[in-house]
Amino acid sequence: MSVCRSRWCGSSGIGEALAKEYSRRGAYVVLSARRAAELERVRSELAAPERCLTVVYDITDFDGAGRVAATVLEQTSHVDVLINNAGIDYKDWVANTPLSIYQKLIDVDYYGNIALTLELLPSLRPGAQVVAVSSVNGLLSDKCSSAYAAAKHALLGFYDALRAERSDLRVSVIAPGYIKTPITLNSLNGQRQDLR
């Protein structure tokens with residue numbers, strides 16, 4: 001197997017910024033998201049677009065996670081850094097948030113996040129890094145953020161357990177504060193009242 005420094009990132013916001021920085025530093029980058037046009041746009045803006053694999057994948061297609069992992073491993077031989085960054089947000093009061101919203105955010109922000117980790121886990125070599133992007137709301141929820149905060153908080157429990165079990169891996173959970181990215185602009189807003 002050839003050695004490659006592969007980083008798995010995304011097509012907008014934090015994922016896009018990381019992909020561009022890793023490419024600038026000479027990494028082979030794997031971009032994965034559900035929008036092919038956005039993947040191609042980001043690939044074309046990388047420092048080395050020829051050192052990039054794009055994989056169209058909706059992270060709520062849990063059955064497809066194995067296929068995606070197999071495709072990436074076939075092309076790259078291994079993954080050095082997996083960055084799980086996809087997510088959606090929802091803003092409304094707890095009393096106004098239906099169970100279906102909690103289910104949707106858990107599917108995307110939690111299950112979608114861990115699905116690829118679970119598929120790639122057997123192939124990750126000692127020293128590989130697994131990164132989950134949570135949120136400061138995953139540590140301390142704010143009003144009108146119950147669904148988002150719950151899903152992001154679940155990541156902490158999962159990755160804390162993974163870190164305890166796999167000391168050969170570098171497992172990180174990042175909890176950024178507010179960043180103006182598409183997740184904020186595209187938040188699934190409910191019929192919220194004044195948030196002050």
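This chain uses plain numbering: 1 for the first residue, then up along the sequence.
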Answer whether the closest heavy-atom distance between the side chains of E16 and K20 falls below 4.5 Å. yes
So do the side chains of V173 and R163 get within less than 4.5 Å of each other, counting heavy atoms only? yes
Minimum side-chain heavy-atom gap Q75-V55 below 4.5 Å: no
Establish, from distance only, whether the side-chain atoms of Y159 and N113 form a donor-acceptor pair under 3.5 Å. yes
Can you confirm whether D168 is buried at CG, in the sense that more than 12 heavy atoms of other residues, nucleotides or ligands lie under 6.0 Å from that atom? yes
Smallest separation among heavy atoms of L116 and A69, with atom names: CD2-N, 4.5 Å
Without hydrogens or angle criteria, can the side chains of Q129 and S172 be said to hold a donor-acceptor pair below 3.5 Å? yes
Write down the atom of G26, the atom of R51, and the distance for their closest heavy-atom approach. O-NH2, 3.1 Å
I'd like to know if Y102 and Y110 are part of one continuous hydrophobic network [Ile/Leu/Val/Met/Phe/Trp/Tyr, side-chain heavy atoms within less than 4.5 Å]. no
Indicate, with yes or no, if I106 and L99 share a hydrophobic cluster defined by side-chain heavy-atom contacts under 4.5 Å among Ile, Leu, Val, Met, Phe, Trp and Tyr. no
Is any side-chain heavy atom of V171 less than 4.5 Å from a side-chain heavy atom of R166? no
Do Y57 and V72 come close enough that some side-chain heavy atom pair is under 4.5 Å? no
Is there a path of hydrophobic side-chain contacts, each under 4.5 Å between heavy atoms, that joins Y111 and L121? yes
One should read off an interatomic distance between I88 CD1 and D109 CG, to the nearest 0.5 angstrom, of 5.5 Å
Is a salt bridge present between D107 and K104, judged by a nitrogen-to-oxygen distance below 4.0 Å? no
In one Ile/Leu/Val/Met/Phe/Trp/Tyr side-chain cluster, 4.5 Å: L118, L156: yes
Test your reading of the model: is there a side-chain donor-acceptor pair from R34 to the backbone of I59, 3.5 Å cut-off? no
Any donor-acceptor N/O pair, K152 side chain to V133 backbone, under 3.5 Å: yes
Inter-residue atom distance E50.CD - S23.OG, 0.5 Å rounding: 7.5 Å
State, with a plain yes or no, whether a side-chain heavy atom of V30 is found less than 4.5 Å away from one of V79. no
Which atoms form the tightest heavy-atom contact between W93 and C144, and what is the distance? CD2-SG, 3.5 Å
Kindly give the heavy-atom pair with the smallest separation between L31 and C52, and that separation in Å. CD1-SG, 3.7 Å
Inter-residue atom distance Y90.OH - I101.CD1, 0.5 Å rounding: 5.0 Å
Rounding to 0.5 Å, atoms CD (E119) and CD1 (I114) come to a distance of 11.0 Å
Heavy-atom nearest pair, G112 first then F62, reads N-CE2, 3.7 Å
Value rounded to 0.5 Å, distance of CG in L155 from CG in N84: 8.5 Å
Could you state the interatomic distance from CZ (R170) to CG (D80), rounded to the nearest 0.5 Å? 9.0 Å
Measure across L105 and A147 and return the closest heavy-atom pair with its distance rounded to 0.1 Å. CD2-C, 3.8 Å
